[in-house]
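As a basis for the values below, the full set of heavy atoms in this structure was taken, side chains included, without hydrogen atoms, waters or symmetry mates.
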Amino acid sequence: MTATVLDRPQPAEPLPDDPDRTRSALWRRLSLAALLVGTTVLYLWNLSINGWANSFYTAAIQAGSQSWKAWFFGSSDMANSITVDKPPASLWTPALSVRVFGLNSWSVLVPEVLMGVGSVALLYFITRRYFGHWAGIGAGAVLALTPVAAMMFRFDNPEALLILLMIAACGAVLRAMEPGAKSVWWMVAAGTAVGFGFLTKQLEVMLIVPAMAVTYLAFGPGRWLRRIGHLFASLGALIVSAGWWVLAVELWPASSRPYIGGSQNNSILELTFGYNGLGRLDGNEKGSVGGGGRAREMSGAAAEMFGQGGPGGPGAGGPGGGMWGSTGWLRMFEPAQGGQIAWLIPSSLILGVAALVLIGRASRTDLRRAYLSVFGLWMLIMVGVFSFMAGIFHSYYTAAIAPALAAVIAVSAVVCWRERAALWVRLVLAAATWTAAIWGFVLLNRSADFVPWLRFVVLVVGIVAGALMLGAQRGVLAAVAASLAVLAGLAGPLAYTVDTVTTAKQGSIISAGPQVEGEFGPGGGHGRHGRFNGAFGPLGAGRTQAGARGGFPGMGGAPGMGAPGQAGGGPGASPAGGLLNGSTPSDEMVAVLRNDADRYTWVAAAIGSNEASGYQIASGYSVMPIGGFNGTDPSPTLDQFKQYVADGRIHYFISGGRGDRGGEGFGGMPGMGESGTSSEISSWVKEHFTATTVDGVTLYDLTSPKN
């Protein structure tokens, strides 16, 4: 069996003026520059097309740029009424950017782009350390061109920072395993990265912890007691790096800090283990879309309504199903997720197993095996959890799989390529190439009108490349086979990624690439602009442009959804927002809100964070998001709201959103967005104050009660 990379005898070092050495070094520098510069240009390309991206987070970024308390807690508004439903780490850097450069699309999104480029660069350097330059280039390129990753590196959701921290954590574990390394300190660094990952997206980062722990315990240096001690040191660093903020929030007097959004009892611990924790796994997410304990009751009806999911339903990947799609081992390959992440998953499994066989009986501490272990387990665990989680699931979550997938396929291909003298290895390379080409054809065929000739090119090129692999031991034939295999594997993801960066992505739920037939979800098809943008039912207040797809079957216009690619607005759209997209107020409305704005703590209040976000972003003043993201959080209570009004702290109540439907959220569908507190406040306002209309939006002046 082959020796480890570190132990393998190296060729004699050429003289400094050796032309072969000079040429090789030049190619390495040029290819690395192409990777990093190309990624930067790709991610920055027409970045402003995404506008405010996810206005839910953009409003919090705006708040953090104006108030240090809002920055620390991740408040939705500058007056600190309620936080977003995540810890604030992903908001800190963009908020500092906005504080320096002012509020605009670039100042919000460029930090995300830099995190994306940093992730690609970091994965390259980690991979190069153990497998060489070209393996690093391959890993970086696959990550850069994974459609869902490219999308999230241009968006202000937490994924960009989460991915960067996860790569850093796994890289630190591998450094801790190197001979002569200060292992304990590298493990402390790994734990610290995971801790800040927790402050980014809570328990999702913990999915890589088993991969890190198993790999270090199985393949780390020294005796097993020493390795266990290092794992405990890493755990301690994790607890400290995440716990300081959690402890601060828990000890801070509740009356002096914002309400913890997403919780029902104003508790960050409840948010961690409930709505953002176990609730994501079992579907029992109190306060979420789906009504918490009623989610199971709703799932069957929702699946029937959407025409998908459920046992044996179209696209079902297993026995489960519901409003968030069918569950089961095939979930990552369904229309909703396939084009986002799954292009190379089958081939990575084939090559990964072969690579582990080739490493074979290398020493226990072989770093190649450790690399494949930590990234391979990361990929498998996340695929498994995402496939079976019964709670809220969106296709963009799969961006967290992308670095592990990129690492596994790149290094496994390199390990196999170096041993292609063996016939069985060439058969594996051919099988992986054919699999990538056939699966790429299937994925591209799901969007048959998107570059219609590409799927045939991918299939033909892949079949030819696989055939050439069988005889590709050396020389020109090997180079041609490898080049064609790369082309067949990456052409589809590249096309999807180009489509993604040239198309507006706005709203709370988005997806990469072109429209896909058969995708699950409300509206049955995300289109080019986001899964739920389109003409479906009473969700907010907008109307869809002609030709837009989507919608709850049988329902009418799409309140709150707006035109494709618009954040609750666009031609023909109402200015009100909704559950998924932010509001788009007119100039007249903004002028009304800004009038005497300095006299009030909140220039307005609205039901739900997205409804409030657009008004806050446009006016530059705090708008209270009653009930948080879903409008279901008990913040503020009716008594608190009455007191704010009595004290003259709120100027207007903006109506016309979900709160006007009796608290039943999605067009009166029971259990979806139901909130007694929001409904009580809305009813009280309508009873005691007079409505006026400004450019189609209903306003109540809370400083002028009815006689």
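- Checked by atom type, the side-chain pair Ser67/Trp71 shows no donor-acceptor distance below 3.5 Å.
- A donor atom on one side chain and an acceptor atom on the other are not found under 3.5 Å apart for Ser263 and Asn265.
- Distance alone, capped at 3.5 Å, places no donor-acceptor pair between the Ser583 side chain and the Pro585 backbone.
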Using atom types as modelled, flag every donor-acceptor pair under 3.5 Å from a side chain in residues 645-654 to any protein atom, sequence neighbours excluded.
unit_1, atom_1, unit_2, atom_2, d
Asp647, OD1, Gln643, NE2, 3.0
Asp647, OD2, Gln643, NE2, 3.4
Arg649, NE, Thr601, OG1, 3.2

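- At a threshold of 4.5 Å between non-hydrogen side-chain atoms, the residues Ser76 and Ser613 do not count as touching.
- With values rounded to the nearest 0.5 angstrom, Ser81 atom OG is found 10.5 Å from Gln640 atom CD.
- A heavy-atom distance below 4.5 Å is not found between the side chains of Met382 and Thr398.
- Between Trp602 and Tyr621, the ring center distance fails the sub-6.0 Å criterion.
- Between the side chain of Ser241 and the backbone N or O of Leu238 there is at least one donor-acceptor pair closer than 3.5 Å.
- The aromatic rings of Trp684 and His688 sit tilted, their planes meeting at an angle between 30° and 60°.
- Annotation: side chain of Val194 is not in contact with side chain of Ser234 (no heavy-atom distance under 4.5 Å).
- Across Ile626 and Ser678, no two heavy atoms sit closer than the pair CG2-OG, 3.8 Å.
- For Asp633 against Gly628, the heavy-atom pair with the smallest separation is OD2-CA, 3.9 Å.
- Looking only at side-chain heavy atoms (C-beta outward), Ile510 and Met151 come within less than 4.5 Å of each other.
- Judged purely by atom type and a 3.5 angstrom limit, Gln506 uses its side chain to pair as donor or acceptor with the backbone of Asn50.
- Here Leu91 contributes atom CG and Leu199 contributes atom CG; the two are 11.5 Å apart, rounded to the nearest 0.5 Å.
- Screening residues 192-203 for side chain to side chain donor-acceptor pair (under 3.5 Å), with sequence neighbours left out, gives Glu159-Lys201, Lys201-Glu204, Gln202-Thr272, Gln202-Asn276.
- Across Ala70 and Ala63, no two heavy atoms sit closer than the pair CB-O, 3.6 Å.
- Side-chain polar atoms of Gln62 and Gln616 form a donor-acceptor pair below 3.5 angstrom.
- Counting only distance, with no hydrogens or angles, the side chain of Arg331 and the backbone of Met389 share a donor-acceptor pair below 3.5 Å.
- A donor-acceptor contact shorter than 3.5 Å links the side chain of Trp378 to the backbone of Ala400.
- Looking only at distances, a side-chain donor or acceptor of Arg257 sits under 3.5 Å from a matching main-chain atom of Val249.
- The two atoms that bring Asn610 and Ser55 nearest to each other are OD1-OG, 3.5 Å, heavy atoms only.
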Please report the C-alpha distance between Tyr397 and Val148 in whole Å, then the side-chain angles of each, then the deciding distance to 0.1 Å, and finally whether the side chain to side chain contact (heavy atoms under 4.5 Å, CB included) criterion is met. CA-CA 9 Å; Tyr397 291 176; Val148 68; over 6 Å; no
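- Judged by distance alone, the side chain of Thr677 and the main-chain N or O of Pro634 form no donor-acceptor pair under 3.5 Å.
- Asn157 and Asn54 are linked by a side-chain donor-acceptor pair at a separation below 3.5 angstrom, with hydrogens and angles left out of the test.
- In this structure, CG on Leu377 lies 9.5 Å from CE on Met379, to the nearest 0.5 angstrom.
- Taking the side chain to side chain donor-acceptor pair (under 3.5 Å) definition, one finds that Trp68 meets it with nothing, sequence neighbours left out.
- Judged by distance alone, the side chain of Thr83 and the main-chain N or O of Ser75 form no donor-acceptor pair under 3.5 Å.
- Scored by the ring-ring contact (aromatic ring centres under 6.0 Å, His included) test, Phe196 finds no partners at all (sequence neighbours excluded).
- Applying the side chain to side chain donor-acceptor pair (under 3.5 Å) rule to Trp244 yields no partners; only residues at least two apart in sequence or on another chain are considered.
- In terms of heavy-atom proximity, Ala399 sits nearest to Ile163 at O-CD1, 3.4 Å.
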Check the pair Val697 / Tyr615 against side chain to side chain contact (heavy atoms under 4.5 Å, CB included), numbers first and verdict last. CA-CA 12 Å; Val697 176; Tyr615 297 107; 3.8 Å; yes
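- Side-chain contact between Met332 and Ile401: present, with at least one pair of heavy atoms (C-beta onward) separated by less than 4.5 Å.
- Within the model, atoms NE2 of His394 and OG of Ser508 stand 8.0 Å from one another, a figure rounded to the nearest 0.5 Å.
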So Ser256 and Lys69, side chain to side chain contact (heavy atoms under 4.5 Å, CB included) or not? Walk me through it. CA-CA 10 Å; Ser256 178; Lys69 178 182 280 191; 3.7 Å; yes
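- Counting all heavy atoms, side chain and backbone alike, Ala190 lies closest to Ala169 at CB-O, 3.5 Å.
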Step by step, work out the side chain to side chain contact (heavy atoms under 4.5 Å, CB included) result for Ser511 and Tyr396. CA-CA 6 Å; Ser511 55; Tyr396 68 77; over 6 Å; no
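- Between Val246 and Phe198, the closest side-chain pair of non-hydrogen atoms falls below 4.5 Å.
- Side-chain contact between Phe72 and Trp245 is present, with at least one heavy-atom pair separated by less than 4.5 Å.
- To the nearest 0.5 Å, atom CD1 of residue Ile208 and atom CD1 of residue Ile381 are 9.5 Å apart.
- Listed by chain and number, the residues in a side-chain contact (heavy atoms from CB on, under 4.5 Å) with Ala149 are Leu143, Thr146, Phe153, Ala402 (sequence neighbours excluded).
- No side-chain N or O of Asn266 forms a donor-acceptor pair with one of Ser635 less than 3.5 Å apart.
- Within the 4.5 Å cutoff, the side chain of Phe56 has heavy atoms near those of the Asp85 side chain.
- With hydrogens and angles ignored, the 3.5 Å screen pairs a side-chain donor or acceptor of Ser387 with a backbone N or O of Val383.
- Atom CG of Leu638 sits about 11.0 Å away from atom OG of Ser682, to the nearest 0.5 Å.
- Between the Ser90 side chain and the Leu161 main chain, no donor and acceptor come within less than 3.5 Å of each other.
- Between Phe386 and Phe393, the two ring planes are tilted [angle within 30° to 60°].
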